[in-house]
Amino acid sequence: MKILVVDDEKNILKLYQAELEDEGYTVVTANSGREAMDIFESENPDLVTLDVLMPDIDGIQVLRQMKEKKPDIPIIMLTAYDYRDDFSVWVSDAYVVKSSDLSNLKATIRQIIEGRK
């Protein structure tokens, strides 16, 4: 399973990549919305974790673009802020608040994978 991790903070990308690779996933990363769309098209990931706040294209716009291209791809929105009242986020498959403890994210990924089998 290939996961695309999108976040503008390089430290978070490294942490998520290391932790998810330890779980046995193949991980590709992007640190901007534009880079995320390029990698999304070239790498064809099975699942995406997507930061909401990014400097070039925000995660909600990237979410829409990804879902237009591949409606069935599971996308998990990651943010330090609560956007659950923003209807745009509801298109995502899950919503996880960022934390240095990735157990919630890992559990969410497992739930999505199991639900797709």
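Every value quoted in this text rests on a predicted model; they were computed, and no experiment measured them. If you read the sequence from its start, that first residue is 1, and numbering goes on from there.
Closest heavy-atom contact between Asp58 and Ile60: OD1-N, 3.0 Å. Of all the heavy atoms in Ile73 and Pro45, the pair that sits closest is CD1-O, 3.1 Å. In this structure, Val5 and Leu13 approach most closely via the heavy-atom pair O-CD2, 3.5 Å.
The side-chain contact (heavy atoms from CB on, under 4.5 Å) with Ile76 is formed by just one residue from the set Ile112, Ile3, Leu50; it is Ile112.
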Check step by step if side chain to side chain contact (heavy atoms under 4.5 Å, CB included) holds for Leu78 and Val6.
CA-CA 9 Å; Leu78 291 170; Val6 184; over 6 Å; no
Would Ile113 and Met1 satisfy side chain to side chain contact (heavy atoms under 4.5 Å, CB included), going step by step from the backbone distance to the final call?
CA-CA 9 Å; Ile113 293 168; Met1 159 138 320; 3.4 Å; yes
Output, in order, the C-alpha distance, side-chain angles, deciding distance and verdict of side chain to side chain contact (heavy atoms under 4.5 Å, CB included) for Phe40 and Lys70.
CA-CA 10 Å; Phe40 180 77; Lys70 197 172 173 186; 3.8 Å; yes
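Pairs engaging residues 6-17 under the side chain to side chain donor-acceptor pair (under 3.5 Å) rule: Asp7-Lys98, Gln17-Glu21 [sequence neighbours left out].
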Under 3.5 Å, sequence neighbours excluded: what are the donor-acceptor pairs made by side chains of residues 22-34?
| unit_1 | atom_1 | unit_2 | atom_2 | d |
| --- | --- | --- | --- | --- |
| Ser32 | OG | Glu35 | N | 3.1 |
| Arg34 | NH1 | Asp56 | OD2 | 3.4 |

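Annotation: the span from Glu114 atom CD to Ile109 atom CD1 amounts to 13.0 Å, rounded to 0.5 Å. One distance of note links CD of Glu19 with CG of Asp101; it measures 8.5 Å at 0.5 Å rounding. Between Leu63 atom CG and Met77 atom CE the span is 5.0 Å, to the nearest 0.5 Å.
The backbone N or O of Ile75 lies less than 3.5 Å from no partner atom in the side chain of Lys67, so there is not a single donor-acceptor pair.
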